[in-house]
Number of protein chains: 2
Amino acid sequence: MTDRIAKLVGMTAMAPSRTSPDLSYLLDHASHVLRTRMAAALAEIGLTSRMHCVLVHALEAERTQIQLAEIGDMDKTTMVVTVDALEKAGLAERRPSSTDRRARIIAVTEEGARVARQSQEIVDRVHEEALGTLATSNREVFLRVMNQLVTGHLAKPVEAPGPVRRARQHER
Amino acid sequence: MTDRIAKLVGMTAMAPSRTSPDLSYLLDHASHVLRTRMAAALAEIGLTSRMHCVLVHALEAERTQIQLAEIGDMDKTTMVVTVDALEKAGLAERRPSSTDRRARIIAVTEEGARVARQSQEIVDRVHEEALGTLATSNREVFLRVMNQLVTGHLAKPVEAPGPVRRARQHER
DNA sequence: TATTGTTATACTCTATAACTATA
DNA sequence: TATAGTTATAGAGTATAACAATA
């Protein structure tokens with residue numbers, strides 16, 4: 001017996017509240033299910049969401065790993081792993097920056113550009129499949145409200161008190 | 001430098017798509033930020049979302065750990081940890097079921113009932129703070145659409161091919 | 001044989017720390 | 001001194017397996 005919901009996003013259903021709709025559940029559940037749909041659709045061409053994200057933004061301009069990490073809300077160490085995967089798949093390459101010898105430009109290969117076009121189609125299709133179930137006027141209001149929330153009250157996460165972290169044990 | 005967004009939910013910003021709004025980003029971001037707000041608010045009375053969830057549903061009826069796990073979309077092993085925390089905080093107790101000697105009923109203490117009322121108020125307040133920023137008519141449409149998605153196209157996660165798992169190494 | 005709850009642990013994910021090369 | 005990228009690893013979170021007691 002698998003409990004994939006709890007596994008993938010740590011989702012916890014809130015109690016159904018009597019006074020206020022359970023916005024936490026609605027957003028968590030919708031977000032989680034859409035994520036599984038997206039992951040499954042992109043997996044068919046061998047991509048993760050992160051790989052797609054990096055590919056598309058690396059295509060738009062000459063960008064370093066750090067720049068791409070900021071765009072995709074990833075840590076630089078996560079970016080290393082993602083770029084490793086893209087290189088191994090032959091979709092992108094690390095090239096030395098001409099202006100900063102520390103930095104690497106992520107260059108998308110021809111194959112990578114082809115795949116990026118495909119993956120963008122997949123992303124759009126998955127989104128449209130969901131939005132397509134809505135009446136046109138409802139869809140417009142819904143998207144306006146989501147944008148309003150994401151740029152307003154739900155723009156910035158509140159800081160959690162970070163966990164303590166011991167120094168790493170390294171060999172002499 | 002912390003990257004809490006990526007850390008907590010593994011969120012990856014999709015590429016801004018030209019043909020379709022980035023529903024993944026909107027839902028992920030809104031869900032994530034609301035989750036941090038809820039976690040911070042509940043932490044003030046020493047609860048996690050899971051503890052709140054179990055507390056409220058255990059109050060409603062005599063329920064076993066398994067039943068509560070199903071309601072909250074948790075694994076039974078996660079439930080053990082959650083009930084441990086509630087017991088340690090003096091908010092709930094394990095009692096033997098009178099009809100099944102394998103099962104434990106989760107009984108909420110008086111203190112637990114008090115805390116559950118508080119936590120439900122907190123949950124409602126956090127939800128209302130978000131929904132309160134919306135115009136009344138927009139709010140109604142938004143909630144109807146979210147419900148439509150969660151009961152319709154985004155009702156069930158698609159199955160991911162589960163990872164392989166070796167047998168556990170146990171001492172003889 | 002199947003199920004409840006438990007313990008132990010394997011696995012994934014992701015950030016922190018330390019480090020190298022360069023600015 | 002600070003930053004880009006890398007490696008190694010710590011830590012959180014959460015599921016799987018095995019097990020004991022009971023059905």
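The sequence lines fix the lettering, A, B, ..., with proteins before strands; numbering per chain opens at 1.
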Does B:Thr78 have a side-chain nitrogen or oxygen under 4.0 Å from the phosphate oxygens OP1 or OP2 of D:dA15?
-> yes
Sequence neighbours left out, what passes side chain to side chain contact (heavy atoms under 4.5 Å, CB included) with [X]? Give chain and number order.
X        : value
B:Glu111 : B:Leu91, B:Thr109, B:Arg114, B:Val115
A:Ala30  : B:Leu27, B:Met146, B:Val150, B:Leu154
A:Val80  : A:Gln65, A:Asp84, A:Arg94
B:Ser97  : B:Thr99, B:Asp100, B:Ala103, B:Ile105

Where each residue is assigned the nucleotide of DNA chain C containing its nearest heavy atom, which of B:Asp84 and B:Ala103 is assigned the position nearer the 5′ end?
-> B:Ala103
Residues two or more places apart in sequence or in another chain: which of them pass side-chain hydrogen bond (donor to acceptor under 3.5 Å, both in side chains) with B:Arg63?
-> B:Glu60
With the side chain counted from C-beta on, respond yes when A:Ile45 and A:Ser119 share a heavy-atom pair under 4.5 Å apart, and no when they do not.
-> yes
Close residues, residues 91-101 of chain B, relative to DNA chain D [heavy-atom separation under 4.0 Å] | B:Asp100, B:Arg101
Which nucleotide, D:dA15, C:dT14, C:dT6, lies nearest any side-chain atom of A:Arg50?
-> C:dT14
Where the side chain of B:Thr77 is concerned, which of D:dA15, D:dA4, C:dG5 is the nearest nucleotide?
-> D:dA15
Can a donor-acceptor pair under 3.5 Å be found between the side-chain atoms of A:Thr64 and the base atoms of D:dA4?
-> no
[X] [atom1] - [N] [atom2] separation (whole Å):
X        : N      : atom1 : atom2 : value
B:Asp75  : C:dA8  : CG    : P     : 17 Å
A:Arg104 : C:dT20 : CZ    : C1'   : 12 Å
B:Lys76  : C:dT6  : NZ    : C1'   : 9 Å

